[in-house]
Amino acid sequence: MAASGWKRWAERRAPESLAGRTLSQGLATTATINIIFFCLMGAMALYLPGGTDEGWLSKESMLTNFTMLDFGALLGWWGAAVSAICVAVLAFGKERVLPRWMGIVSVVLLVPPFAMAIGMGLPGFVGFTLPIWLLVISIGMVFSRTADA
């Protein structure tokens, strides 16, 4: 729903903006990747002790699946990180079709995941800060006069 809403908003308010066009695609990507990984998590339950297919996968296969799923649901939020960058561009750029506070919130919530990914090699922190970003920006869009959602 958020991706569709942003797409409609961008078509009306920033039709020529690359950031406006990309924003909704980042959110759609996040939703798609998260659905895939959460479905894989559910399927993994079949192979765990007590599951209907217990014993069908080797321990190595279970470890591979577990490792992939450990960060998988968090990594999907990198699409929302792209959207947050787009919000910052739309808030600080020459068009300035979004309020500056949305740009500030976007930048502040992007710093920790980028710092963790670059500094420590931990790419999953984005899954902790970007849900907060999505909530704050979505509520802000409802009440913003500048954004005119």
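Every value quoted in this text rests on a predicted model; they were computed, and no experiment measured them. Positions are given from 1 along the sequence. Reckoned from all heavy atoms, side chains included, excluding hydrogens, waters and symmetry mates.
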Practice task
Please assess Ser61 against Ser58 for the test side chain to side chain donor-acceptor pair (under 3.5 Å), listing each intermediate value before the final yes or no.
Solution key: CA-CA 5 Å; Ser61 296; Ser58 66; 3.1 Å; yes

Between atom [atom1] of [X] and atom [atom2] of [Y], what is the distance when rounded to the nearest 0.5 Å?
X      : Y      : atom1 : atom2 : answer
Leu134 : Ile137 : CG    : CD1   : 9.0 Å
Leu122 : Phe71  : CG    : CZ    : 5.5 Å
Leu69  : Leu74  : CG    : CG    : 11.0 Å
Phe128 : Met116 : CZ    : CE    : 9.0 Å
Thr67  : Leu63  : OG1   : CG    : 4.0 Å

Determine whether [X] and [Y] fall in the same hydrophobic cluster, where Ile, Leu, Val, Met, Phe, Trp and Tyr are linked whenever their side-chain heavy atoms lie under 4.5 Å apart.
X      : Y      : result
Leu57  : Met41  : yes
Phe114 : Val126 : yes
Phe66  : Trp56  : yes
Val82  : Val87  : no
Leu27  : Phe37  : no

Problem - CH2/Trp101: more than 12 non-hydrogen atoms of other groups inside 6.0 Å - result: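 Enclosed.
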
Is there side-chain contact between [X] and [Y], with at least one heavy-atom pair below 4.5 Å?
X      : Y      : result
Trp78  : Leu75  : yes
Val105 : Ile132 : no
Leu110 : Ile85  : yes
Leu46  : Glu54  : no
Phe92  : Ile104 : yes
Met62  : Met44  : yes
Arg13  : Glu95  : no
Arg21  : Cys86  : no

Exercise for the section: Anything under 30° is parallel, anything over 60° is perpendicular, the rest tilted; go ahead and classify Trp6 against Trp9. Expected result: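 Perpendicular.
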
Do you know which two heavy atoms are closest between [X] and [Y], and how far apart they sit?
X      : Y      : value
Thr129 : Pro112 : CG2-CB, 4.4 Å
Ala19  : Leu90  : CB-CG, 4.0 Å
Thr146 : Leu98  : CG2-C, 4.1 Å
Gly140 : Met102 : C-CE, 3.5 Å
Gly76  : Ile33  : CA-CG2, 3.4 Å
Leu23  : Ser83  : O-OG, 2.6 Å

Exercise for the section: Go through the side-chain N and O atoms of Ser106 and Trp133 and say whether any donor and acceptor fall under 3.5 Å apart. Expected result: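 Short answer, yes.
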
Exercise for the section: Test side-chain contact (heavy atoms from CB on, under 4.5 Å) on Leu40 and Met68 and set out the steps. Expected result: CA-CA 10 Å; Leu40 288 172; Met68 183 178 70; 4.2 Å; yes

Problem - Member of Asn34, Thr30, Ile36 meeting the side chain to side chain contact (heavy atoms under 4.5 Å, CB included) criterion with Thr32 - result: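 Only one of Asn34, Thr30, Ile36 forms a side chain to side chain contact (heavy atoms under 4.5 Å, CB included) with Thr32, namely Ile36.
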
Exercise for the section: Could you list who else is in Leu135's hydrophobic cluster, with ILVMFWY side chains joined at under 4.5 Å, directly or through other members? Expected result: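 Same cluster as Leu135: Ile139, Val142, Phe143.
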
